[in-house]
Amino acid sequence: MEMITEIPVKKIARSRIQEVDFENLEFGQHLSDHMLICDYANGQWQQPQILPLSNLSMHPATLALHYGQTVFEGMKAFYMEDGRLNIFRVDKHYERFCLSLERMCMPAPPEEIFREGLIRLVETDKAWAPKQPGAALYLRPFMYASEPKLGVKISEQYRFVIIAGPVPELYARPIRVKVETQYIRAARGGTGFAKCGGNYGAAFLPTKIARAEGYDQVLWTDAAENKFIEESGTMNVMFVVNGTLVTAPLSDSILDGVTRDSLLRIAQDKGIPVEERPVPVEELTFGFLNNAITEIFGAGTAAVVAPISLVGINGLDYTLPAYGKKSIQQILKKELEEIRSKPGRDPYGWNLVI
Ligand SMILES: *Cc1c(COP(=O)(O)O)cnc(C)c1O
């Protein structure tokens with residue numbers, strides 16, 4: 001493929017931005033004016049383009065609709081305190097996108113298309129990036145099998161798309177979670193490490209059941225024995241046990257969260273003891289009884305940390321103490337937010353400042 005020097009932009013005739021109430025944003029309510037599209041055909045990536053956001057036209061036999069070859073990413077761009085825009089951890093998201101695509105037998109777009117596509121889309125729609133601290137322009141790169149063919153087969157055509165939209169800071173209220181031992185999210189050898197569409201559709205039913213039982217989310221356990229905690233809904237999950245930050249090690253059933261990775265790194269550099277090891281459900285039960293567990297929280301791009309206030313294990317509910325500003329999760333979250341927003345505060349090279 002030739003080097004792309006400039007991605008052409010076809011501007012929308014009239015912006016929809018006046019429809020947005022930036023003071024009262026809701027996650028996912030609005031998408032910005034433009035999208036990036038890049039097609040793969042005849043074994044080659046075609047010229048990426050930025051176009052006005054519009055419906056995608058699809059043949060009814062489009063392979064993705066039938067056999068689920070579809071992968072996405074979720075990331076954010078933030079205004080920094082000096083007024084520049086920062087896209088957070090593009091490299092790490094690209095790396096994960098490629099691993100997900102490989103698992104789904106899909107070709108990866110060149111890094112340049114991914115990175116320059118994001119930059120150009122954020123520049124084009126920068127008016128859509130909220131200015132309030134913590135709010136962000138959410139970025140959703142995704143790709144699907146676009147070849148129209150009814151047979152079960154690996155698609156030979158794909159479409160890579162990036163859409164964007166303003167999202168508020170999520171002040172996550174503490175959530176109640178249920179340790180799930182009937183349904184599973186991901187098995188050894190499966191697709192749990194990949195951000196592929198089917199993983200999410202398959203999680204809806206167990207989550208719906210947990211909600212009917214009075215919980216907000218499930219804590220997934222391992223598929224083989226239902227003995228170890230893996231993730232919380234669509235977030236990684238972290239525990240503070242006797243002052244140590246503990247989380248399950250990466251495997252083919254754990255999504256390699258960018259937030260997980262960032263928080264572990266920050267914790268290590270702050271001298272907080274960190275352990276990546278399997279977390280038995282039994283350890284939780286004992287830990288609640290002898291007060292060894294002081295915090296449990298989800299980690300993900302949407303909320304950074306999602307505090308967990310209650311865990312249901314086999315019908316028994318265990319409550320956690322309220323989390324103050326000195327809790328490990330709040331200290332880590334604050335540090336991550338400062339790295340993203342304060343110029344000159346990024347010791348890891350995580351910010352792509354544009
Ligand atoms: C996206 C996702 C996460 C969190 O990843 P981040 O990169 O931190 O947003 C965790 N678990 C699952 C299953 C996910 O889909």
Side-chain angles (χ1 to χ4, degrees), residues 27-28 68 70-78 87-101 103-104 114 118 134 136-143 164 167 169-170 172 175 177 180 183-187 190-204 206-207 210 216-223 228-239 245 247-267 276 279 296-308 329 332-333 335-337 339-340 348 350-352:
F27 193 97
T70 162
V71 161
F72 67 95
E73 269 302 316
M75 47 199 299
K76 284 177 171 175
F78 302 86
I87 314 180
F88 190 63
R89 299 205 69 178
V90 174
D91 302 358
K92 178 89 183 155
H93 282 282
Y94 177 71
E95 196 182 293
R96 182 171 75 190
F97 192 50
C98 292
L99 287 173
S100 301
L101 292 169
R103 180 63 182 81
M104 299 305 292
F114 188 86
L118 284 165
L137 186 66
Y138 183 82
L139 301 165
R140 167 57 60 88
F142 64 100
M143 195 169 127
V167 296
E169 169 162 37
L170 289 184
I175 55 170
V177 297
E180 178 62 63
Y183 296 98
I184 56 143
R185 190 190 83 87
T191 58
F193 69 90
K195 250 177 147 62
C196 58
N199 288 350
Y200 303 84
F204 288 158
T207 308
D216 298 296
Q217 266 300 346
V218 297
L219 275 190
W220 298 110
T221 53
D222 70 286
F228 299 96
I229 303 286
E230 301 236 296
E231 297 206 52
S232 166
T234 57
M235 290 179 286
N236 296 108
V237 63
M238 299 190 159
F239 305 84
L245 184 65
T247 194
L250 295 179
S251 72
D252 50 5
S253 61
I254 304 265
L255 201 291
D256 183 0
V258 175
T259 315
R260 174 191 180 281
D261 182 80
S262 306
L263 297 182
L264 288 178
R265 185 71 194 272
I266 292 170
E276 290 179 71
V279 182
I296 307 183
F297 56 96
T301 294
V304 183
V305 301
I308 291 172
Q329 60 190 280
L332 297 177
K333 179 179 180 184
E335 182 68 26
L336 183 64
E337 285 174 348
I339 289 173
R340 288 190 313 211
Y348 311 112
W350 286 344
N351 296 334
L352 174 64

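Worth saying up front: this structure is predicted, and the values here are computed from it rather than measured. In each ligand, atom 1 is the first atom listed, and ligand 1 is the first ligand listed.
Side-chain contact between L137 and L139 is present, with at least one heavy-atom pair separated by less than 4.5 Å.
With respect to E337 and K76, no salt bridge is recorded, no charged nitrogen being found less than 4.0 Å from a carboxylate O. A salt bridge links R260 with E276: at least one charged nitrogen is closer than 4.0 Å to a carboxylate oxygen. Under the 4.0 Å criterion applied to side-chain N and carboxylate O atoms, R103 and D252 are not assigned as salt-bridge partners.
Taking a cut-off of under 4.0 Å to the non-hydrogen atoms of R185, the atoms of ligand 1 that pass are 13 (C). Listed by number with element, the atoms of ligand 1 under 4.0 Å from a non-hydrogen atom of R96 are 5 (O), 6 (P), 7 (O). Of all atoms in ligand 1, numbered sequentially from 1 with element shown, those under 4.0 Å from a heavy atom of M235 are 10 (C), 11 (N). Less than 4.0 angstrom separates some heavy atom of G257 from each of these atoms of ligand 1: 5 (O), 6 (P), 7 (O), 8 (O). Close approach to G300 involves these atoms of ligand 1, each under 4.0 Å from a residue heavy atom: 8 (O), 9 (O).
The protein atom (non-hydrogen) at minimum distance from atom 3 (C) of ligand 1 is T234 O, 3.3 Å. Nearest protein neighbour of atom 15 (O) of ligand 1, counting heavy atoms only, is Y200 OH, 2.4 Å. Looking only at heavy atoms of the protein, atom 11 (N) of ligand 1 is closest to E231 OE1, 2.5 Å. For atom 2 (C) of ligand 1, the closest non-hydrogen atom on the protein side is K195 NZ, 2.6 Å.
Side-chain polar atoms of S253 and E230 form a donor-acceptor pair below 3.5 angstrom.
Relative to atom 8 (O) of ligand 1, the option among D261, L263, I254, T259 with the closest non-hydrogen atom is T259.
With hydrogens and angles disregarded, a donor-acceptor distance shorter than 3.5 Å links the side chain of R140 to the backbone of E73.
Residue contacts with ligand 1: T301 is placed with a nitrogen or oxygen under 3.5 Å of a nitrogen or oxygen of the ligand (distance criterion only). Between L255 and ligand 1, not a single N/O pair is under 3.5 Å apart.
For R185, the salt bridge (Lys or Arg N to Asp or Glu O under 4.0 Å) test picks out E231, with sequence neighbours left out.
The two atoms that bring G74 and R96 nearest to each other are O-NH2, 4.3 Å, heavy atoms only.
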